[in-house]
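Chain letters run A, B, ... following the sequence lines, proteins first, then strands; residues in each count from 1.
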Number of protein chains: 2
Amino acid sequence: MNPEALYKISYGLYVVSSVKDGRFSGQIANTVFQLSSDPILIAACLNKKNFTNECVSETKAFSISVLAKDTPMQFIGRFGFRSGREFDKFEGVNYKIGKTGVPIVLDNTVAYIEVRVRDAMDASTHTLFVGEVVDAEILNDKEVMTYDHYRIMKGRTPKTATVYL
Amino acid sequence: MNPEALYKISYGLYVVSSVKDGRFSGQIANTVFQLSSDPILIAACLNKKNFTNECVSETKAFSISVLAKDTPMQFIGRFGFRSGREFDKFEGVNYKIGKTGVPIVLDNTVAYIEVRVRDAMDASTHTLFVGEVVDAEILNDKEVMTYDHYRIMKGRTPKTATVYL
C-alpha cells in the first residue's frame, strides 16, 4: 500500500468563512465539492480543532471563496496557518456580508458560494458540513488555484488538513 | 445568483467500481475526496439511479481508479453513459480483483484506491459513501485527468452527475 496514491485525487483551494457571536472566522480548505444538483447540495470538510468548524456548527452557514491561481502564498498562510481564535484574519481583507450573515472573502477570489447547512457528518478528525446554496457569483475569469498547483509552489500542508500524510 | 459559479470547484475524474452477486459495476465519478487523515477516510458520491450505488450499498466496498489525462473519450463514455445493468462494462477492460473482492480498473489508470465502506450519507439524488482505505497504489507517473480538462475536451455530463446544471 502506497499512501502517496491519495495525492492523485484532485482538489481546488478555497477560503471557507463563517461567524460566531459577531466574530468572523476563515480557513483554507481543499475538500469542497458538490453532492447533488437537485437541490444543489455543497459540502465542505473542516477540522474539528479549527475555529471555523465551531462557527459553522453554531451559525449553520458558511461561504466558500474559490481562490485564484495567482493567490500570494502570504494570503494563504494568513488563512491557513494561524487561528482565528488568536487574531482577526479579516483585518485589511476585502470582504462582504452574505445573505446568511457570514463574511465572504473577495480578495484573490474567482467565485464565491454561500451555503446554509442542513446536515453534518462526523469524519473522525473532521466534520463534513452539507448544505443548500443560497447565493453564488463569479467575480472574474481568472484561472482557479488547484491543490496540485499549490503543492508545486511548495505550499505547506498543516496537520489539520484532510490530506495531511 | 449564478449557478455557473459551481463550475469553479475543482475535481478529478475517476472510475468507481464495485460488485454485487458476482456482477461487476463501474461508473465515472468526479466527486471523490479525502475526509480525514487519521484514519484515512475517503468519500465517493454516487447517483442513486446508478447500478454502482446499488452494488456499493450491498457489498460495502468500492475501488477508485484515478484516470489519466490522456484517457480516450470512448473509454469514459463506456463507463459514464451506459448502465452496467444492460451490458458488461468490463469486457475487454484490464482489471484486477482487490482485497475486498471488488474489481479495480487498470486501463487508463494512474493510481487506485480501495475502500471499505463504514458510513453513508443521504444527499438527495446521490449517496455519499465514506470508508477506510484498505489498499492504494500508484501505477505510473502520468498526469491525472481533471474534470475541467474533460469539459475543455467537450466531454458531456450525464443528468445523473453531481455537477449537472
Problem - Residues in residues 124-143 of chain A that sit under 4.5 Å from chain B, counting heavy atoms only - result: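 Hits under 4.5 Å: Ser124(A), Thr125(A), His126(A), Leu128(A), Val130(A), Val133(A), Val134(A), Asp135(A), Ala136(A), Glu137(A), Ile138(A).
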Exercise for the section: Please state whether the side chain, the backbone, both or neither of Ala68(B) comes within less than 4.5 Å of a heavy atom of chain A. Expected result: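 Looking at Ala68(B), nothing touches chain A.
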Handout entry: Part of Asn30(B) lying under 4.5 Å from any heavy atom of chain A
Key =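 Neither; nothing under 4.5 Å.
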Problem - Residues that, via side-chain heavy atoms closer than 4.5 angstrom, fall in one hydrophobic cluster with Phe51(A) - result: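 Phe51(A) clusters with nothing; isolated.
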Would you say [Y] ends up clustered with [X] if hydrophobic residues are merged whenever their side chains have heavy atoms under 4.5 Å apart, either directly or through other cluster members?
X         : Y         : result
Tyr112(A) : Leu67(A)  : no
Ile97(A)  : Val105(A) : yes
Met145(A) : Val15(A)  : yes
Val16(A)  : Leu35(A)  : yes
Leu106(A) : Val66(A)  : no

Structural part of [X] lying under 4.5 Å from a heavy atom of chain B:
X         : value
Ala43(A)  : neither
Val110(A) : side chain
Leu13(A)  : neither

Handout entry: Check: Tyr11(A) side chain, Gln34(B) main-chain N or O, donor-acceptor pair, under 3.5 Å
Key =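 Present.
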Handout entry: Tyr147(B) (side chain) donor-acceptor with Ser10(A) (main chain) under 3.5 angstrom
Key =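 No, the answer is negative, given that no donor and acceptor are paired below the 3.5 Å cut-off.
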Practice task
Against chain A, work out which of Thr160(B), Thr146(B), Ile113(B) has the most heavy-atom pairs shorter than 4.5 Å and name it.
Solution key: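 Result: the option with the highest number of such pairs is Ile113(B).
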Problem - Summary of salt bridge (charged side-chain N to carboxylate O under 4.0 Å, His left out) pairs that have at least one residue in residues 34-56 of chain A, sequence neighbours excluded - result: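 Every salt bridge (charged side-chain N to carboxylate O under 4.0 Å, His left out) pair that includes a residue of residues 34-56 of chain A, provided the two are not neighbours, is Lys20(A)-Glu54(A), Lys48(A)-Asp122(A), Glu54(A)-Arg85(A).
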Handout entry: Partner residues of Ser63(B) under the side-chain contact (heavy atoms from CB on, under 4.5 Å) criterion, sequence neighbours left out
Key =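 Partners of Ser63(B) by the side-chain contact (heavy atoms from CB on, under 4.5 Å) criterion, ordered by chain and then number, come out as Ser17(B), Val102(B), Ile104(B).
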Handout entry: Separation between CD of Glu114(A) and CE of Met1(B), rounded to the nearest 0.5 Å
Key =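 Between Glu114(A) CD and Met1(B) CE, I get 10.0 Å after rounding to 0.5 Å.
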Practice task
In sequence, state the C-alpha distance, the side-chain angles, and the governing distance for Ile9(B) and Tyr14(A), and then conclude on side-chain contact (heavy atoms from CB on, under 4.5 Å).
Solution key: CA-CA 9 Å; Ile9(B) 299 175; Tyr14(A) 313 90; 3.3 Å; yes
